[in-house]
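For reference, the structure discussed in these notes is given below.
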Amino acid sequence: MSEEKSLNFLEEIIEKDIAAGVNNGRVHTRFPPEPNGYLHIGHASSICLNFGLAKKYNGQCNLRFDDTNPSTEETEYVDSIKADIKWLGFEWSNELYASDYFEQLYQFAVKLIEKGLAYVDDSSAEEMAEQKGDIGKPGIDSPYRSRTIAENLQLFQDMKEGKYPDGAKVLRARIDMTHPNLLLRDPIIYRIKHVHHHRTGDKWCLYPMYDFAHGQSDSIEEITHSICTLEFIHHRPLYDWFIEQLGIFPSHQYEFARRSVSYMITSKRKLLQLVNENHVTGWDDPRMPTISGMRRRGYPAAAVRQFCEMIGVAKRENLVDIGVLEFCVREQLNKTANRVMAVLDPVKVILTNYPEGQSEVLMADNNTEDENAGTRELTFGRELYIERDDFMEDAPKKFFRLAPGLSVRLKHAYIITCNEVIKDANGNITELHCTYNTESKSGNDTSGVHVKGVIHWVNAATAVPAEVRMYNRLFTVEDPANAEGDFKDHINANSMEVNHGAFVEPSLLKAQTGNQFQFMRKGYFSVDRDSTAEKLVFNQTVGLKDTFAKEMKK
RNA sequence: AGUCCGAUAGUGUAAUGGUAACACUACAGAUUUUGAUUCUGUCAUUCUAGGUUCGAACCCUGGUCGGACUACCA
């Protein structure tokens with residue numbers, strides 16, 4: 001084993017179980033989403049955990065949809081969830097649904113009734129809340145708690161047969177109304193819902209509660225290590241109770257702290273609100289913390305996986321800096337993204353000593369980090385565009401770019417020197433008149449001139465206009481979920497800035513949706529699905545580290 | 001108030017009774033035809049009070065602080 005790396009607490013548990021021969025050393029996990037929303041970064045780490053553990057210990061991982069509440073669940077979500085898991089690079093052993101077990105779950109409930117461990121309750125929701133007691137205050141028994149087994153059996157069957165309206169009756173486990181764990185104070189296990197289910201149709205009007213479905217589903221699938229987030233820790237005694245009373249396979253649940261990421265929210269309810277109220281353009285808006293959003297933004301799946309691996313797993317509350325995710329994105333893209341040149345905020349450069357009407361072809365490597373990335377051709381000419389902020393009229397001494405009288409190298413091309421600044425009536429710079437050093441051609445430089453700065457450019461004659469969508473954090477505060485006031489008060493009004501005036505090199509005309517590039521010196525960008533042959537559209541994935549900008553702020 | 005969970009550099013995670021470490025960040029420097037990448041270095045950490053022990057981040061007890069739980073949601 002290459003166990004240089006230390007184990008996280010779940011791996012420790014699993015390795016101890018394997019060593020002790022628990023379940024004959026078998027490891028079987030599962031990822032159990034409810035199909036009522038799109039998967040987000042939090043799910044991504046759960047997916048990496050569950051599928052990763054199964055892979056590491058030669059086990060299996062099921063995909064199980066927890067579809068016990070037909071009121072909120074839809075097939076659209078099932079499809080998106082499957083697509084997201086595949087994109088992340090994982091394959092499930094079995095595609096399963098809690099609804100597959102409705103009949104079996106019903107029989108489990110009957111068995112509990114027969115053992116005198118469940119009863120039908122006619123109390124209203126309010127009455128039950130009243131009887132439940134409170135934290136530190138014991139509850140009291142429902143007046144229906146002592147119905148006979150025969151009566152309960154009959155009533156439960158009547159419920160199944162649709163003889164009662166929604167909410168008229170529920171089935172409850174008979175445990176202990178004074179238990180310090182509120183979840184064990186006779187929890188509801190079945191409720192009546194005359195609702196169409198996305199898979200079972202109108203077969204049922206009786207649906208199990210999550211707590212009566214989840215643990216038993218794990219048990220039915222003989223899941224050995226059922227891993228979930230910390231808030232379900234109080235549910236574990238209940239699952240164990242069902243398993244014991246039913247005498248079924250003993251799955252064990254282990255809880256970890258969900259990972260929060262700064263400037264992101266992962267509440268499905270809030271995410272849905274962002275979509276429905278048009279604060280974003282959809283579930284896959286590149287600003288969303290959803291897997292589909294990150295994919296559209298251009299985050300590589302490998303970066304998301306690396307991130308999940310890097311932040312680890314433990315049981316304490318946490319808020320991971322979003323910078324770690326961005327670091328992973330850059331690290332992956334640095335190795336894989338081809339370099340191209342794009343000028344986001346152009347200003348025209350005229351090379352006064354370059355013959356009019358002339359042009360030449362230059363060779364450029366696509367990625368020095370990847371020797372297999374190949375090369376491409378660039379056209380050079382008399383009129384070019386460079387980045388407006390790569391020029392300064394009054395440059396400080398540490399400014400290694402273009403300024404009157406100063407020289408820079410144009411990447412893959414020549415060294416140029418600025419001679420004259422042309423302005424319009426308002427004083428805005430419209431053109432920079434420069435000369436190029438004819439002996440300084442890239443790769444063939446005999447000029448003996450050394451310049452510190454290198455800037456990117458595009459040839460005005462062949463440049464292609466493009467729309468570039470720049471993104472900032474969706475929220476203005478680190479922890480929007482826990483900030484003062486409503487989370488929507490903290491939405492960043494400038495989270496997207498659309499630039500319609502960019503120019504990119506013509507090689508990008510061949511780019512396909514989803515292709516990722518480094519716009520040299522600017523950042524990583526990907527082709528959006530809105531992009532067409534007539535109009536190229538790019539998403540800013542993440543900027544490059546910019547120590548110069550940081551320096552300038554000081 | 002009851003039960004449960006947790007507390008290690010700014011952040012995240014290790015160290016499982018024997019020299020507190022790794023990554024990110026920050027800062028400084030080297031290299032660089034991307035002020036990117038790469039490389040080198042620097043700063044900074046065990047909530048608290050007792051106890052057990054030759055020795056405690058780790059085990060025990062008390063305290064403090066933070067979190068979770070009182071849906072016919074999952």
Side-chain angles (χ1 to χ4, degrees), chain A residues 5-9 12 32-34 36-37 66-69 71-73 121 123-125 128-129 132-139 166-172 179-185 187-193 207 209-211 213-214 228-237 255 257 259 262 268-269 310-328 330-331 334-335 339 341 368-369 398-401 408-413 415 440 442-443 445 450-456 518-523 543-552:
Chain A
K5 229 178 146 239
S6 59
L7 305 176
N8 63 48
F9 79 101
E12 271 179 25
E34 184 192 12
N36 70 342
D66 262 326
D67 56 350
T68 55
N69 184 3
S71 319
T72 58
E73 295 151 5
D121 196 330
S123 304
S124 67
M128 266 187 272
K132 185 148 197 168
D134 211 333
I135 290 169
K137 181 180 142 224
D166 290 6
K169 286 175 165 48
V170 293
L171 185 72
R172 292 228 253 170
H179 198 105
N181 180 344
L182 291 308
L183 257 6
L184 270 66
R185 316 242 262 231
I188 294 172
I189 57 179
Y190 264 97
R191 78 294 214 186
I192 298 168
K193 268 180 187 277
Y207 292 97
M209 295 291 288
Y210 172 84
D211 275 347
H214 191 81
C228 67
T229 47
L230 232 37
E231 71 265 28
F232 291 101
I233 196 164
H234 303 96
H235 299 241
R236 180 168 15 111
E255 307 84 9
R259 268 71 56 92
S262 63
K268 277 197 220 171
R269 200 194 89 248
M310 251 175 106
I311 62 178
V313 58
K315 294 180 80 166
R316 73 180 96 129
E317 294 104 47
N318 57 75
L319 183 63
V320 183
D321 194 323
I322 194 170
V324 178
L325 214 205
E326 293 172 344
F327 167 83
C328 295
R330 288 193 192 99
E331 184 158 273
N334 178 48
K335 292 184 285 195
R339 274 61 171 167
M341 294 200 283
T368 48
E369 304 288 322
K398 286 250 191 127
F399 189 76
F400 307 137
R401 304 176 187 181
V408 272
R409 173 173 292 282
L410 297 175
K411 181 73 185 176
H412 301 306
I415 293 172
S440 66
S442 214
D445 188 342
H450 286 286
V451 292
K452 177 96 176 155
V454 180
I455 64 173
H456 60 281
Q518 186 194 99
F519 288 0
M520 287 201 113
R521 303 207 308 132
K522 281 291 158 188
L544 252 27
K545 233 173 87 178
D546 192 347
T547 46
F548 176 67
K550 205 184 286 180
E551 182 88 13
M552 291 295 271

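Residue numbers begin at 1 in each chain, while the letters A, B, ... track the order of the sequences.
Comparing the P positions of B/G18 and B/A57 gives an interatomic distance of 10 Å, to the nearest angstrom. Rounded to a whole angstrom, the distance from the C1' atom of B/U8 to that of B/A15 is 10 Å. As rounded to the nearest Å, B/A74 and B/C22 have P atoms that lie 46 Å from one another. B/U70 and B/A14 are spaced 37 Å apart, taking the C1' atom of each and rounding to whole Å. For B/G67 and B/U25, the P atoms lie 29 Å apart once the distance is rounded to whole Å. Separation of the C1' atoms belonging to B/A28 and B/G35 is 16 Å when rounded to the nearest angstrom.
A donor-acceptor pair is defined here as one N or O able to donate and one able to accept, closer than 3.5 Å; such a pair exists between the side chain of A/Asn181 and the backbone of A/His234. In this structure, A/Thr72 contributes its side chain and A/Asn36 its backbone to no donor-acceptor pair below 3.5 Å. Of the possible polar contacts, one joining the A/Arg185 side chain to the A/Asp134 backbone as a donor-acceptor pair under 3.5 Å is found. Checking side-chain atoms of A/Arg191 against main-chain N and O of A/Asp166 turns up no donor-acceptor pair under 3.5 Å.
With B/C72, B/C73, B/A1 as the choices, the nucleotide that has an atom nearest any side-chain atom of A/Ala125 turns out to be B/C72. Nearest to the side chain of A/Ile233, among B/C5, B/C73, B/G35, sits B/C5. Residue A/Val324 has its side chain nearest to B/C24 when only B/A74, B/U34, B/C24 are considered. Listed candidates were B/U33, B/G35, B/C69. Nearest to the side chain of A/His234 is B/C69. For A/Met209, whose side chain is taken as the heavy atoms from C-beta onward, the closest listed nucleotide among B/C72, B/U34, B/A68 is B/C72.
The minimum heavy-atom distance linking A/Asp66 with A/Glu73 is given by the pair O-OE2, 3.5 Å.
Atom-to-atom, CZ of A/Arg185 to C1' of B/C4 comes out at 14 Å; the value is rounded to the nearest Å. Atom CG of A/Leu544 and atom P of B/U37 are 7 Å apart (whole Å). Following rounding to the nearest Å, A/Arg191 (CZ) and B/A71 (C1') show an atom-to-atom distance of 10 Å. The nearest whole Å value for the distance from the CG atom in A/Asn181 to the C1' atom in B/C4 is 8 Å. At whole-Å resolution of the value, CZ in A/Phe232 and P in B/G67 are 20 Å apart. For the pair A/Phe9 CZ and B/G12 C1', the computed distance is 15 Å after rounding to whole Å. Between A/Lys545 atom NZ and B/U34 atom P the separation is 16 Å, expressed in whole Å. Regarding A/Leu230, its CG atom lies at a distance of 6 Å from the C1' atom of B/C5, rounded to whole Å.
The base of B/U33 is paired with the side chain of A/Arg409 by a donor and an acceptor separated by under 3.5 Å. One can find a donor-acceptor pair under 3.5 Å joining the base of B/U8 and the side-chain atoms of A/Arg316. In terms of polar N and O atoms assigned as donor or acceptor, the side chain of A/Glu369 never comes within less than 3.5 Å of the base of B/U38 in a complementary pairing. Not a single donor-acceptor pair, N or O on each side, falls under 3.5 Å between the base of B/G67 and the side chain of A/Glu317.
Each of A/Gly323 and A/Ile311 has a nearest nucleotide on RNA chain B; the 5'-most of these lies closest to A/Ile311. With RNA chain B read from its 5' end, the first of the two nearest nucleotides for A/Glu551 and A/Gly136 is the one closest to A/Gly136.
Between A/Arg330 and B/U25 there is no side-chain N or O to OP1 or OP2 distance below 4.0 Å.
Ring pair A/Phe232/A/His214 is parallel by interplanar angle, where below 30° counts as parallel and above 60° as perpendicular.
Partner assigned to B/C39 is B/G29, using Watson-Crick or G-U wobble distances below 3.5 angstrom. Partner assigned to B/C73 is none, using Watson-Crick or G-U wobble distances below 3.5 angstrom. The partner of B/G17 is absent, by the rule that a Watson-Crick or G-U pair needs both atom distances under 3.5 Å. With a cut-off of 3.5 Å on both Watson-Crick or G-U wobble distances, the partner of B/C22 is given as B/G12. Base pairing analysis places B/C59 opposite B/G51; the two distances defining the Watson-Crick or G-U wobble pair are each below 3.5 Å. Both distances falling under 3.5 Å, in either a Watson-Crick or a G-U wobble arrangement, place B/U64 opposite B/A7.
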For a quick check, with a 4.0 angstrom heavy-atom cut-off, what is the B/S/- contact string for nucleotides 39-48 of chain B, read 5' to 3'? ----------
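Among the atoms of the strands shown, none is found under 4.0 Å from any heavy atom of A/Thr72.
Figure legend: cation-pi geometry between A/Lys452 and A/Phe400, with NZ or CZ positioned under 6.0 Å from the six-membered ring centre and within 45° of its axis.
Annotation: salt bridge (Lys or Arg N to Asp or Glu O under 4.0 Å) contacts of A/Arg409 (sequence neighbours excluded): A/Asp445.
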